[in-house]
Amino acid sequence: MSNVATYSTNGGPYAIEAQDLSIYYGSFRAVKNINLRFPTHKITALIGPSGCGKSTVLRAFNRMNDLIPISRAEGVILFHGKNIYDHDVDPVEIRRRVGMVFQKPNPFPKTIYENVAWGARINGFKGSKTDMDALVEESLRDAAVWDDVKDKLNQSGLSLSGGQQQRLCIARAIATRPEIILMDEPASALDPISTLRIEELIQELKKNYTILIVTHNMQQAARASDYTAFFNMDADRAGYLVEYNQTDELFTSPKNEMTEQYITGRFG
Amino acid sequence: MRESFDRELQRLEAEIIRMGSEVEEHLTQVTAAFVERDAVTARRMIAADEAINERRIQVGLDALTLIATQQPMARDLRLIAAIMEIVGELERIHDYIKGIGKISLNIGPTPVLPTIAAHMPEMAETAREMLHLSLKAFAERDKELALRVPAMDDKVDFLFNHLYADVVAYVMENPLGTTHANSLEWALHNLERSADRTINICEWVVYMVTGVYREMSMGEYESPPAA
């Protein structure tokens, strides 16, 4: 969308930034006054107890909350210098450039090939069949699932294992050539081996993408991210940002006592 | 879950304090044995080293088990790191105690120089007090105390330099006493290093409390003082 591209500051230190962001569901304020910016080509983990609004915050970055009619955002999310909540911004374009991977692998009941090609097509891919073949292969390779599926591209995406399905979904997200990938507990439905493969994959992906990941698993945040943001719920049940720092700092020497209590398992 | 974790942390911490108290006592006892030519106590100090080594290994393994099973973070993680480091320092200090015991046996019945007999116990007492305060700082999470202890090392170093010079003077007068003098220097050196190890403990206490590691030790004696 030209409105966003016009403000492009490609290669800047921050890929996306929330300024005084609050999100409401009806009259209920779910998260409040979030100020947070995400370094380009880094992995930032969002952690916190259930109900602290971390998924709500994550979904704000590609306007997924728009799908809930009573939701409303206040404040600003800057992407290439443009507020993505401005009325002249097309949310579909935002969702192409800020992709998303969900908790449960959710491939379409179509072939593996079509799962990946769909993402590109819906975003206006106009290339030839050969171009599409190349894009599908590249996306599957980048998602570290090509070797598993190259001989069965015409089989259903649902025939794959859980871990393979999730990597297929990551390939589908990559195929739209996003700049940022949002991941909402992408490994919580997977076994430990598949989880580690996803974490390794995320490390590879950060070379080309900025990654925001919500996780319930603190060890995963500690292992797999460069920065960590810790959210908690206030007395009014609104989520807010407690502490944000480099991951190694936050997990060894948190500055905030509440962070300390949470990561040492004293609440949450 | 959290309760059993806390219990195990407290148990390891208590073990550090118990080991530390024992090392403290042995510093005093081995020095007394050295200046009084008490072979029985010297042998007992040497024999005690094996148990200290075993306890150090057990604390280290238990701490690793906690890391593997509890995935400690933040304050808990720093406490476990401090426990693992401090137990290593205690074990090394006891190696020095064992060393002094062995030197004592090697010297045989020969009396030590009067100046050693007069001042080495004071040196040992200062090193023991440093160890005691560093462990107090550990138990009480007292950063300020941990930062104060290293200055006491000046007194240990002062006594070391003084006694070192005395021993050199003795050799100049008695060239045939070089072997004996060498043994005395080694014993003094062991004591001096014990105090340096205590400073390492203080560094880990400061890290444990603040999350910031700060070098406070001057390091091993690099050159002997001018005689």
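FYI, side chains are in, hydrogens and waters are out, and symmetry mates aren't considered; it's all heavy atoms of this structure. To find a chain, count down the sequence lines: A is the first, B the second, and so on, and within it residues start at 1.
- Residues of residues 235-246 of chain A never come closer than 4.5 Å to chain B when only heavy atoms are counted.
- Heavy atoms from other residues, nucleotides or ligands lying under 6.0 Å from CD of A:Gln19 number more than 12.
- At distances below 3.5 Å, not a single donor-acceptor pair connects side-chain atoms of A:Glu260 with backbone N or O atoms of B:Ala74.
- Proximity to chain A is limited to the side chain of B:Arg78, based on heavy atoms less than 4.5 angstrom apart.
- Applying the 6.0 Å contact sphere to CD1 of A:Ile193 captures no more than 12 heavy atoms from other residues, nucleotides or ligands.
- Heavy-atom neighbours of B:Trp186 CH2 from other residues, nucleotides or ligands within 6.0 Å: at or below the threshold of 12.
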Counting only pairs under 3.5 Å, give me each side-chain donor-acceptor contact of residues 42-53 of chain A, with atom names and distances, residues two or more places apart or in other chains.
from, atom 1, to, atom 2, distance (Å)
A:Ser50, OG, A:His216, NE2, 3.3

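- The environment of A:Lys32 atom NZ is dense: over 12 non-hydrogen atoms of other residues, nucleotides or ligands sit within 6.0 angstrom.
- Under the 4.5 Å side-chain criterion, counting only non-hydrogen atoms from C-beta, B:Met73 is in contact with A:Met218.
- Against chain B, no residue from residues 204-215 of chain A qualifies, as none has a non-hydrogen atom under 4.5 angstrom away.
- Between the OH atom in B:Tyr213 and the OG atom in A:Ser253 there is a gap of 14.0 Å [rounded to 0.5 Å].
- Atom CD of A:Glu257 and atom CZ of B:Arg75 lie 4.5 Å apart (nearest 0.5 Å).
- Atom NZ of A:Lys104 is surrounded by 12 or fewer heavy atoms from other residues, nucleotides or ligands within 6.0 Å.
- Closest of all the heavy-atom pairs between B:Leu77 and A:Phe251 is CD2-O, 4.4 Å.
- Taking the side-chain contact (heavy atoms from CB on, under 4.5 Å) definition, one finds that B:Asp76 meets it with A:Thr264, A:Arg266, B:Arg2, B:Phe5, B:Leu9, B:Pro72, sequence neighbours left out.
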